Amino acid sequence: TIIYDFMISKEYYIAYGNMLYAIAMSDGAVQPKEKDTILKLVKERLVPLENISDQIGTDLAHYAIFAFETADDQVLDGQVALDT
């Protein structure tokens, strides 16, 4: 059951990060201020609420940040990020 819960939570946060990226990218580019605001929101509001960590101790909410930054690094189309 713990592994199952972990997979749902991890996938949720990845999808959440991709959704945040798609919203920021909706005008064709992620502005630095948008990125800073989104990352700050996740770190300050979401991370403290999550009490599950992965195998190496990373709070699962950080997966939203990882997904957002990966999509941003690859400059994905917003729809592509949502489909990922």
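Throughout, residue positions are numbered sequentially from 1 according to the sequence presented. Please read all numbers here as calculations on a predicted model, not as lab measurements.
Counting heavy atoms from C-beta outward, Asp54 and Leu60 have side chains that approach closer than 4.5 Å. In this structure the side chain of Ile23 never reaches within 4.5 angstrom of the side chain of Glu34, judged on heavy atoms. Between Ile38 and Val30 the shortest side-chain heavy-atom distance does not fall below 4.5 Å.
Partners of Gln74 according to the side-chain hydrogen bond (donor to acceptor under 3.5 Å, both in side chains) rule, which considers only residues two or more places apart in sequence or in another chain, do not exist here. Residues passing the side chain to side chain contact (heavy atoms under 4.5 Å, CB included) test with Ala22 are Leu82, sequence neighbours excluded. Applying the side-chain hydrogen bond (donor to acceptor under 3.5 Å, both in side chains) test to Lys43 and every residue at least two apart in sequence or in another chain returns nothing. Among residues two or more places apart in sequence or in another chain, the side-chain hydrogen bond (donor to acceptor under 3.5 Å, both in side chains) test is passed with Glu50 by Tyr13. Considering only residues two or more places apart in sequence or on other chains, Asp72 meets the salt bridge (charged side-chain N to carboxylate O under 4.0 Å, His left out) condition with Lys35. In terms of the side-chain hydrogen bond (donor to acceptor under 3.5 Å, both in side chains) criterion, Asp27 has no residue partners (sequence neighbours excluded).
Using cut-offs of 30° and 60° for the angle between ring planes, the Tyr16 and Tyr12 rings count as parallel.
Closest approach of Phe68 to Ala24, counting heavy atoms only: CE1-CB, 4.3 Å. The two residues Asn18 and Ala71 make their nearest non-hydrogen contact at OD1-CB, 4.3 Å. Shown here for Ile65 and Val42, the closest heavy-atom pair between the two residues is CG1-CG1, 3.6 Å.
Taking hydrophobic clusters as Ile, Leu, Val, Met, Phe, Trp and Tyr residues chained together by side-chain heavy-atom distances below 4.5 Å, Tyr21 does not share a cluster with Leu41. Hydrophobic clustering of Ile, Leu, Val, Met, Phe, Trp and Tyr side chains at less than 4.5 Å, counting indirect connections, keeps Leu49 apart from Phe66.
Gln79 contributes atom CD, which lies 12.5 Å from atom CE of Met25 (distance to the nearest 0.5 angstrom). Taking CD from Glu44 and CG from Leu39, the interatomic distance works out to 11.0 Å, rounded to the nearest 0.5 Å.
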